[in-house]
Amino acid sequence: MNEKIYFIFIRYKIRYSHNKLKKYLSETMAILGLVGKPNVGKSTLFNAMTEKAVDIANYPFTTINPNVGISYITTPCPCKELNLKCNPQNSKCIDGIRHIPVEVVDVAGLVPEAHKGKGMGNKFLDDLRQADAFVLVVDASGKTDLEGNPTENHDPVEDVKFLLKELDMWIYGILSKNWDKLARRGQQQKNIVKIIAEQLSGLNISEEDVKSAINTLSLDENPQRWREEDLQNLAGTLRKISKPMIIAANKADHPDAMENIKRLKEEFKDYIVIPTSAEIELALRRAEKAGLIKYDRVKNDFEIVSDSLNEAQRNALEYIREYLKKYGSTGVQEVLNRAYFDLLDMIVVYPVEDENKYSDKKGNVLPDSFLVKKGTTARDLAYMIHTEIGDKFIYAIDARKKMRVGADYQLKDGDIIKIVSAK
Ligand SMILES: Nc1nc2c(ncn2[C@@H]2O[C@H](COP(=O)(O)OP(=O)(O)O)[C@@H](O)[C@H]2O)c(=O)[nH]1
Ligand SMILES: [Mg+2]
């Protein structure tokens with residue numbers, strides 16, 4: 001099978017093979033892409049994010065394309081507050097923290113001029129298309145140059161600027177191809193929004209995104225009057241709208257990182273900048289897996305639970321503890337959580353069938369957690385569970401308050417909802 005078709009096939013399988021999650025996954029799963037130049041720690045971050053501390057048995061994931069993996073975002077599980085013992089089916093509850101699976105892609109390393117086909121140009125484009133949000137990974141230690149080679153005192157602020165520019169150029173390149181023809185057609189048919197969205201559909205940019213970008217820039221009604229500069233601005237605006245980003249200032253454990261992180265935060269005030277140490281997170285997860293430590297993800301600390309550690313391992317763990325004290329956490333979980341909750345504006349809701357026991361039909365308490373866009377209504381949720389339940393929706397019940405809510409009720413983070421539909 002040709003690689004691309006195989007890839008699409010596998011993704012199809014992940015998304016559609018599991019009966020219960022079928023509808024939900026196909027509609028709501030947003031994919032996070034890790035981007036950056038070579039050697040900043042993308043693969044380490046990807047490994048840290050996707051290293052399984054626990055197996056989530058019901059999740060229909062088998063290793064596919066090696067650069068696509070499953071990670072988990074975390075949120076307090078309502079089981080604690082309600083004093084219940086939960087039996088999650090599509091997620092996992094560890095010490096009162098719900099772990100909800102999300103998809104992560106380790107995007108091919110991006111080098112300057114990649115938009116002209118240098119390096120892994122096409123592979124990059126392929127990955128770029130899939131992602132709904134990005135983690136822009138930079139080396140905060142300043143030890144890699146723009147091409148990813150070892151150096152001293154490189155400014156990671158430059159890396160962010162270059163990455164943003166490179167992404168803009170990608171979009172511009174596609175947008176400006178055959179522009180005269182597109183503009184003429186757009187003017188004749190009075191539907192430039194649709195034409196641009198079609199041209200950019202490979203990048204997963206919607207008509208709504210295009211409309212919003214054109215409005216933001218107050219572009220001339222007649223696209224044939226747009227200048228090159230307008231097209232460039234349009235590309236940049238579309239990137240901002242359709243590809244939200246968070247900055248991971250990685251290698252924060254390096255002694256030179258502190259200064260650079262400060263400057264990144266000052267320079268990119270509109271962005272969320274999170275210091276990360278992918279290497280430390282990976283080390284902690286592996287030590288936990290090997291039974292050497294218990295990793296406390298609430299306190300962001302760990303306890304050594306094995307006697308068989310050698311001197312070097314003990315020293316390494318003490319070094320890690322110092323780091324955790326200084327930075328509070330490795331930042332890896334925070335990147336995931338903020339990407340979904342803040343950048344993509346998502347919330348977690350818990351559909352149940354028995355609003356008194358908070359369970360499904362089989363008695364599983366708080367069985368499913370759905371990650372949905374803020375603004376999702378009770379009826380939308382019904383459709384995510386099953387088309388028929390959506391079609392026959394009558395009302396929903398807020399299980400905590402034992403109160404009826406209507407079809408247009410906008411779900412709130414942590415809501416436990418029973419859908420009542422006609423038989
Ligand atoms: N000190 C430190 N080194 C890291 C960190 N993350 C990655 N590295 C190192 O940086 C190098 C490149 O990492 P890799 O994940 O392959 O980078 P990629 O090319 O962006 O995928 C490797 O030697 C990693 O061990 C980190 O958080 N701290
Ligand atoms: Mg890599």
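The chain is numbered in sequence order, starting from 1.
Closest of all the heavy-atom pairs between Lys80 and Asp95 is NZ-O, 3.9 Å. What you find for Lys37 and Leu146 is that their closest heavy atoms are CD-O, 3.6 Å. Closest approach of Asn204 to Lys243, counting heavy atoms only: CB-NZ, 3.9 Å.
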>> Let's go through Arg338 and Ile246 carefully: what are the C-alpha distance in whole Å and the side-chain angles of both, what is the deciding distance for side-chain contact (heavy atoms from CB on, under 4.5 Å) to 0.1 Å, and is it a yes or a no?
In response: CA-CA 8 Å; Arg338 294 202 65 184; Ile246 192 166; 3.8 Å; yes
>> Does Lys240 form a salt bridge (Lys or Arg N to Asp or Glu O under 4.0 Å) with Asp270? I'd like the steps, not just the answer.
In response: CA-CA 11 Å; Lys240 278 187 208 139; Asp270 295 345; over 6 Å; no
>> Please evaluate residues Lys143 and Asp256 with respect to the criterion salt bridge (Lys or Arg N to Asp or Glu O under 4.0 Å), reporting the C-alpha separation (whole Å), side-chain torsions for both, the decisive distance (0.1 Å), and the verdict.
In response: CA-CA 9 Å; Lys143 300 284 181 232; Asp256 292 349; 2.9 Å; yes
> So Lys194 and Gln189, side-chain contact (heavy atoms from CB on, under 4.5 Å) or not? Walk me through it.
Replying inline: CA-CA 10 Å; Lys194 187 154 176 260; Gln189 303 171 8; over 6 Å; no
> Please walk me through it: do Lys262 and Glu266 pass salt bridge (Lys or Arg N to Asp or Glu O under 4.0 Å)?
Replying inline: CA-CA 6 Å; Lys262 219 174 99 198; Glu266 275 164 15; 5.1 Å; no
> Step by step, would you call Lys177 with Gln199 a side-chain contact (heavy atoms from CB on, under 4.5 Å)?
Replying inline: CA-CA 9 Å; Lys177 210 187 263 172; Gln199 179 85 349; 3.9 Å; yes
> How far apart are the C-alpha atoms of Leu167 and Ile171, what are their side-chain angles, what is the distance that settles it, and do they pass the side-chain contact (heavy atoms from CB on, under 4.5 Å) test?
Replying inline: CA-CA 7 Å; Leu167 291 170; Ile171 299 176; 5.6 Å; no
> Passes salt bridge (Lys or Arg N to Asp or Glu O under 4.0 Å), Glu318 versus Arg321? Steps please.
Replying inline: CA-CA 5 Å; Glu318 279 324 303; Arg321 207 190 296 277; 3.6 Å; yes
> Can you list the steps and then say if Thr144 with Asn39 is a side-chain hydrogen bond (donor to acceptor under 3.5 Å, both in side chains)?
Replying inline: CA-CA 7 Å; Thr144 40; Asn39 289 324; over 6 Å; no
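The main-chain N or O of Lys251 is never found under 3.5 Å from a side-chain atom of Glu279 such that the two would form a donor-acceptor pair. A distance-only check finds no donor-acceptor pair linking the side chain of Lys392 to the backbone of Ile389 [under 3.5 Å]. Under the 3.5 Å distance criterion, the side-chain polar atoms of Asp360 are left unmatched by any main-chain donor or acceptor of Glu353. At distances below 3.5 Å, not a single donor-acceptor pair connects side-chain atoms of Tyr358 with backbone N or O atoms of Cys86. A donor-acceptor contact shorter than 3.5 Å is absent between the side chain of Asn364 and the backbone of Pro367. No side-chain donor-acceptor contact under 3.5 Å links Arg98 to the backbone of Thr75. Panel note: side chain Gln333, backbone Tyr72; a donor-acceptor pair is recorded below 3.5 Å. Using a distance-only test at 3.5 Å, with no hydrogens or angles considered, a donor-acceptor pair links the side chain of Asn67 to the main chain of Asp106.
Taking the side chain as every heavy atom from C-beta outward, Arg400 and Pro78 approach each other to under 4.5 Å. Between Val332 and Met49 the shortest side-chain heavy-atom distance falls below 4.5 Å. Annotation: side chain of Leu32 is not in contact with side chain of Val102 (no heavy-atom distance under 4.5 Å). Using a 4.5 Å cut-off on side-chain heavy atoms (C-beta onward), Val105 and Phe134 make no contact. Between Ile247 and Met245, the closest side-chain pair of non-hydrogen atoms is not below 4.5 Å. Looking at heavy atoms from C-beta onward, Val365 lies out of side-chain contact with Lys85 at the 4.5 angstrom threshold. By the 4.5 Å heavy-atom criterion applied to side chains, Leu234 and Leu219 are counted as neighbours. Using a 4.5 Å heavy-atom threshold, the side chains of Ile214 and Trp226 count as touching.
Between the side chains of Thr377 and Asp408, not a single donor N or O lies within less than 3.5 Å of an accepting N or O. Side-chain contact annotation: Asp159 with His154, donor-acceptor N/O pair under 3.5 Å present. Of the N and O atoms on the side chains of Ser91 and Ser369, at least one donor lies less than 3.5 Å from an acceptor on the other residue. Under 3.5 Å, the side chains of Asp391 and Tyr383 contain a donor-acceptor pair of N or O atoms. Judged purely by distance below 3.5 Å, without hydrogens or angles, the side chains of Thr74 and Asn337 pair a donor atom with an acceptor atom. Neither side chain, Asp209 nor Ser212, offers a donor N or O lying under 3.5 Å from an acceptor on the other. The closest side-chain donor-acceptor pair between Asn250 and Thr276 falls under 3.5 angstrom.
A salt bridge (charged side-chain N to carboxylate O under 4.0 Å, His left out) with Lys374 holds for exactly one of Asp342, Asp345, Asp413; it is Asp345.
Ring geometry for Tyr323 versus Tyr327: interplanar angle under 30°, hence parallel rather than tilted (30 to 60°).
Under a 4.0 Å N-O distance rule, the pair Glu207/Lys211 does not qualify as a salt bridge.
Other residues, nucleotides and ligands contribute only 12 or fewer heavy atoms inside 6.0 Å of the CD atom of Glu259.
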